[in-house]
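Have a look at the structure below, then the notes.
Each chain gets a letter, A, B and so on, in the order its sequence line appears, and its residues count up from 1. What you see below is based on every heavy atom in this structure, not just the backbone, and it leaves out hydrogens, waters and symmetry mates.
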There are 8 protein chains.
Amino acid sequence: MTRAHRQAVPDEDPERIGFTDLGFAKVDILRRMRQGFPEVIFCQGKSPPQVASIFAELASRGDIVLATRATPEQFAAVRAALPCARHEALARCIVWQKDGASPPDTRLRAAVLAAGTSDLPVAEEAAVTVGCFGFGVERVYDVGVAGLHRLLAHESLLRSANVFIVAAGMEGALPSVVAGLVDKPVIAVPTSVGYGASFGGVAALLGMLNSCGSGVTVVNIDNGFGAGFAAGQILRLAAATR
Amino acid sequence: MTRAHRQAVPDEDPERIGFTDLGFAKVDILRRMRQGFPEVIFCQGKSPPQVASIFAELASRGDIVLATRATPEQFAAVRAALPCARHEALARCIVWQKDGASPPDTRLRAAVLAAGTSDLPVAEEAAVTVGCFGFGVERVYDVGVAGLHRLLAHESLLRSANVFIVAAGMEGALPSVVAGLVDKPVIAVPTSVGYGASFGGVAALLGMLNSCGSGVTVVNIDNGFGAGFAAGQILRLAAATR
Amino acid sequence: MTRAHRQAVPDEDPERIGFTDLGFAKVDILRRMRQGFPEVIFCQGKSPPQVASIFAELASRGDIVLATRATPEQFAAVRAALPCARHEALARCIVWQKDGASPPDTRLRAAVLAAGTSDLPVAEEAAVTVGCFGFGVERVYDVGVAGLHRLLAHESLLRSANVFIVAAGMEGALPSVVAGLVDKPVIAVPTSVGYGASFGGVAALLGMLNSCGSGVTVVNIDNGFGAGFAAGQILRLAAATR
Amino acid sequence: MTRAHRQAVPDEDPERIGFTDLGFAKVDILRRMRQGFPEVIFCQGKSPPQVASIFAELASRGDIVLATRATPEQFAAVRAALPCARHEALARCIVWQKDGASPPDTRLRAAVLAAGTSDLPVAEEAAVTVGCFGFGVERVYDVGVAGLHRLLAHESLLRSANVFIVAAGMEGALPSVVAGLVDKPVIAVPTSVGYGASFGGVAALLGMLNSCGSGVTVVNIDNGFGAGFAAGQILRLAAATR
Amino acid sequence: MTRAHRQAVPDEDPERIGFTDLGFAKVDILRRMRQGFPEVIFCQGKSPPQVASIFAELASRGDIVLATRATPEQFAAVRAALPCARHEALARCIVWQKDGASPPDTRLRAAVLAAGTSDLPVAEEAAVTVGCFGFGVERVYDVGVAGLHRLLAHESLLRSANVFIVAAGMEGALPSVVAGLVDKPVIAVPTSVGYGASFGGVAALLGMLNSCGSGVTVVNIDNGFGAGFAAGQILRLAAATR
Amino acid sequence: MTRAHRQAVPDEDPERIGFTDLGFAKVDILRRMRQGFPEVIFCQGKSPPQVASIFAELASRGDIVLATRATPEQFAAVRAALPCARHEALARCIVWQKDGASPPDTRLRAAVLAAGTSDLPVAEEAAVTVGCFGFGVERVYDVGVAGLHRLLAHESLLRSANVFIVAAGMEGALPSVVAGLVDKPVIAVPTSVGYGASFGGVAALLGMLNSCGSGVTVVNIDNGFGAGFAAGQILRLAAATR
Amino acid sequence: MTRAHRQAVPDEDPERIGFTDLGFAKVDILRRMRQGFPEVIFCQGKSPPQVASIFAELASRGDIVLATRATPEQFAAVRAALPCARHEALARCIVWQKDGASPPDTRLRAAVLAAGTSDLPVAEEAAVTVGCFGFGVERVYDVGVAGLHRLLAHESLLRSANVFIVAAGMEGALPSVVAGLVDKPVIAVPTSVGYGASFGGVAALLGMLNSCGSGVTVVNIDNGFGAGFAAGQILRLAAATR
Amino acid sequence: MTRAHRQAVPDEDPERIGFTDLGFAKVDILRRMRQGFPEVIFCQGKSPPQVASIFAELASRGDIVLATRATPEQFAAVRAALPCARHEALARCIVWQKDGASPPDTRLRAAVLAAGTSDLPVAEEAAVTVGCFGFGVERVYDVGVAGLHRLLAHESLLRSANVFIVAAGMEGALPSVVAGLVDKPVIAVPTSVGYGASFGGVAALLGMLNSCGSGVTVVNIDNGFGAGFAAGQILRLAAATR
């Protein structure tokens, strides 16, 4: 925001006001304390230097940083500052973890299901996000309802996973079927996969909101991150009460 | 239309112009010849005398008359003129058949499936319509995808029926699942059952239009008649080539 | 469905096929086994005798029965069959529990928040549903964002509850604010409260789907039951790993 | 999906589990058995190697392979693996048939009608799909309702075809007119042809769903494949009962 | 508006300011001079006394008064003041004409077509409005596209009328067909007749806006008055240049 | 909320927590301090006793109370508690003011314009609200753009008022025209007056949001209160800097 | 359509069947006889050779040819075949007229008004179309309602033109104002000019459909051709009765 | 508009008719007199020479010129004519002020808040517009409701600013929270920031229209200019009454 006029700033001490003011962004350094996970960077609409700058600020104050919807250019800018950051290309995420972070607790696991091959980027965004919470992830892709035996072949996973994330485009029917088979929380992610009357994911979104499967909850179209975050919070709650 | 000004009428001989002009309606007496089934009366928005008048005109010129969306009052008016007419109350239909009409050919059968109890009026409208074409009908109700075993229990019907009509509200996922299990035409009927983001059947309609089940075709929301008519045409084609 | 033609029934033994066929409904008697909670009756569009009949069937085979969107007439029919059933009038629910059921585990608690007075029926539906899972429920009503201090006054609850259900109509902003303050799962329920461009809850639904609060999941408009069920599953998972 | 973490796979034997797991896709090798036609590849959103890989797997296990929405690049990748595959460029399809496949049964024929020149890609997709089922296809293009005599000039075809596929954009009125003239199944395909208030095919879709022509069924906007598949199923049923 | 606070009024002389201020309404007494037709009263949402009061004011200053969407109660109030006013019940209009008004010029004629019986109230509103301009009106009702011969039977009218008003609900295809047959202006009126995906006339409206018939113009859903007014203006122009 | 389970209450002293907890509502007693006007009661969806109870609580702590969307029943309940409360019937408001409140400052004035007679309830709601802030209000009703001279007759008011509230339904064009004539803030209120493609006020809302008149701001459909409140804040700001 | 399979053709003689079959198009050679104007070519989605081929066929059989939505490439192809064809670049039209065609009858005139500079391409398409009917055209551009004096400055034109075409984007208020000032037919053309909640012209379309100006008729968004064609038909009717 | 036919022009003297006719535009030279601010140029859809030409005309007759949605090319054209014009790049505005214009009255100030970094272009457009009215502007960016402490840190500004402009995308909740904290006018600007069910800013727009914060007014999506203009009018009113 080089050309913008200077903003009002009440106080320059981040520790006291709870955020670092970068001019174009106020990095929330209390988020981890309040929500249990540091602020996550939504890269869309930010320049590579902006992403790198926020990323570095968060890395300097925490154990893990996650950036979503990241382009290769944004990743290049981040890696220049933090060589250990890694790019989950299919998931379009950048992840950085402090050395010596505790290994995942794979006894608690999320299952990430996708109805079709085109849903993979969204499903992977969810899987990477759950991974950042330190839990196990099992992926089961291309198990749409047109061939139910592909889903039913994973019967043991349906019994053993602790939370389910189900991504689907088109008519979005997979979460309803999964919810009818399991006794764990099911988070549905509509994807924008489809054409014509799919209206960019609206058909799948409506299908999931109207699911006859009790207890299915839904996130925004293509919001793999949101589903992964919700699953992470659920598993963390389970871990905490363990 | 007692108070309306008189319409232009080109010719008073129904046989020559192909319709009987009742003033408020032009009864199409060539419909059976062109489409293989006489004109069907859509009762909504017509007065009981209007329905009875059109009904009687069609009965005087054909073997079968079907009226849909009929109220008890409309049925009473019809029965006064045609004592043999019968009211299919759940389906909201009035049916009249000439004595001596040929018995149904039950070797060709339509299966009518409904996802939930509230879908029954629509499913019954479809079933009654197929019945008017003279074919067999098998009903399988309350087999929504939240409990797939209820559907799978009818495996032999899924193999033996010749055409499938599948009515569902809410997310409308049942046709996709059925289409994945059978090798016959599947006609999907979205119903207005649901609330909130079902938008009066729109969610189910979009789900069915975006079905990942190949070859699913769709009719208007709550249009059980249309689905039954299409199934009747398909079975008649099959019977004709037999 | 007295007047409907008889349906195809593959087998009359409920234990073998997994459901009891009442003609107008196939009561799923395996639901508790698969999903951890018996089938819940959605009363809208069913006659009082139908509700009572399904209710009695479920009571004969389980420990708890829940019916939602119940009218006083439907409750009267149920109570005639099961005198111990109770009507949660504001929540529009009927609940029956077998004598000697285990007392709620109130160490695990859901907080149910509502933005305004008109959201109470939906919030109560959620609260009653969580209660049926046997967990504690804390209600905090009329804490909309126009007067944030009313919410912040419940700081200790915001820290201690294990899962949050947040019901709001109009612009539906409350879940975003709550999600920014807690580190537990937040389930948002849009309500149809509002007028004009609220479009029967669509504005609140969209607001919640686009929440900037990470990990907020959403259910259908006015679907308090769905939110309560999801919260119940989350708490049960936490209880199981305890 | 080279960079994605490995998925859960329950069993490596395709014959036993009913699908071949390619990592990014689970090729359904039972589809022909269940639905009478092998899995069809929807190319949109898949890379040329992915398309070629799925195509080759299906060719190794069946008599015919169909891929829709294929680009020239995807065709090039397929032809490198299967030199006999052919590109139906206007229809955007790739077709491969085993040598010695039975010749089409042209006694049963679908008529494919298009309202305007811009509807041709969709109409051709439908025509190619019907052809893959082995039946005859008659094309009648640019017969929109603004000049009815162009349609009426094909009177003998209107009497002789066994099923009708009618593609139209803009107001989508052609299926209603055709349905009023024939006694065979009519499948309507709305196309995205138009501008302004055509809303990418929505106007045509709504027109077709509300058709006053009895028994018209509808598929998704631009879904020529779906219409062709439905017509193929109908003709196959007719052939089977022949 | 008895209880409302008094409004600002700049001047009490209607002749000078061009309107009569009734408090709840400002009756435009220059409308006939500017637009060639006096202000028309839209009765919906007005009390019977309000309608009667505006009606009387207009009658005192002109040759003709037209009120649309009038209930029997509103008509009773008007007739009490003006015994010669007549109620066109089907059209829901009230009409009053000064004695000695010139007889209609029936050499110039509008044809009013309606697709179905339920479209009659809208079609009649259009017909009555054209009549108020003093021109001839020919009515042709129930000529929907499902039975084209009913329309084609009126070939001589299609050649002789000077302007066409075409009312249709459901898919609204009739104006396109009419426009393809005539060389005169065609005004399309979508009606709210239909159900499900007709969305209260939206499907018909979109169909007419996207008509492939050149030069079709469209008015609001159920706006028979608007179509009649436009036709009246067109005929008046023709009469003026005669 | 007699039957609901008791809510969590952090503290019983309203002065300390800033609200009075009535169980079904938390009356915000700091609103006047924060926003300059006490909490306003939106009566829709509240029972008469609930309205009366909140009304009395607010009256006991302030100088003025305003309730909107009030029915006669709700007013009766309020008047029983506060005999001085008055019912603005057309505006559907209840107003109570403490004796000895300062008289309005009529030097600062809002002009409230309405396009048609049916817009009066909304316009009056706005006018009553402005009045509660203590400023002058000028009403100018039935000045829609179809007869511009009716608006232009109020030229002196257009020059002298300090803020403009413009209510209109149908196409909502009046605010654009007004904004082109004045140099003061213009607040547009779309009303639900209209039919067909007015979609309950959406057409007017969109028209106002897209106004070519610079600086027009918009409130929700039928939200006369919101427009009046915004005008009141603007006038108060002007008064404060006076 | 080189690669498409050959279509059914009932008869090769254009004179007998009423159209010339070019394979990809059926050129309607009876259109002028039926509708008074030859078929108009909608260029969008057609290749330059296709446009040139249809254009040449129409030129060989008539006095005038009009093509709309033409690109420079399409014009180049047409000019290669018909050197006298001219490109109306701003209107995106191609026009060809036979030598010796009768000069325009400029006594009958259409006024084409546009609200803003960005509406010019649509307004010009309308103006060129009217010109093809042989009537006079007066253009009045950039007269939006934000500065009414710009419109009122053309008072004499408002009195003298015989039909009005009014193009506007954004809130589309101009037709209502014009209709309030004239006693001639007003055809409104919504344009896609605007952003945000203009939704590509929907706001303007709805505004025009709900116009409080009596008798305003509307065409599709950006459909300048349709408005011009309707105006041409109206003027031709006036000329014929002259 | 070089190729368009010449328009009707009633009079060539701008002073007399109140506008300068540039052919493609009628520059309103009375706007400042009527509305208190000269006509503002909306650059979208205009060529650089058109923008420069209108800009120069306005500069020759006034003290300030503002152009919005300007590209670098349009700025280059303007600067060639007016070297003192400056480009506010982030705001996409061009501003020119006559030498010796009075300095801003910074005692009256607007606060411009933005919820996220991506909302900055819209917020800056608002800020630049307010600046053109000559008042003070305070910017507070990236204070979305997910971290309320960032907003609350600016408590003194919330108390001291005279009017608030609040830009937000996604769920658009920030204006509701701000309105609950201040006693000054709040103008909400929805932005198109978001994805999926944000529908290009519709979710934020609906959220703001349904705000539970009393008196929030709303402008079109991304219409920073409109918000700034409204704020400028409000401050000018305050300054005038000072």
Non-hydrogen atoms of chain D under 4.5 Å away: do they reach the side chain of A:Ala111, the backbone, both or neither?
neither
Report the residues that fulfil salt bridge (Lys or Arg N to Asp or Glu O under 4.0 Å) with D:Arg69, sequence neighbours left out, ordered by chain and then residue number.
D:Glu125
Output the option from D:Asp28, D:Asp222, D:Asn220 having the highest count of non-hydrogen pairs under 4.5 Å with chain A.
D:Asn220
With rounding to the nearest 0.5 Å, note down the distance linking [atom1] in [X] to [atom2] in [Y].
| X | Y | atom1 | atom2 | value |
| --- | --- | --- | --- | --- |
| D:Ile17 | A:Leu152 | CD1 | CG | 12.5 Å |
| D:Lys26 | A:His154 | NZ | NE2 | 4.5 Å |
| D:Leu22 | A:Thr117 | CG | OG1 | 8.5 Å |

Considering only heavy atoms, give the residues of residues 224-234 of chain A separated from chain D by less than 4.5 Å, sorted numerically, with 'none' for an empty result.
none
Contacts of residues 37-48 of chain D with chain A (heavy atom under 4.5 Å)
D:Glu39, D:Phe42, D:Gln44, D:Gly45, D:Lys46
Applying a heavy-atom distance below 4.5 Å, give me the residues of residues 191-207 of chain D that approach chain A, sorted by number.
D:Val202, D:Leu205
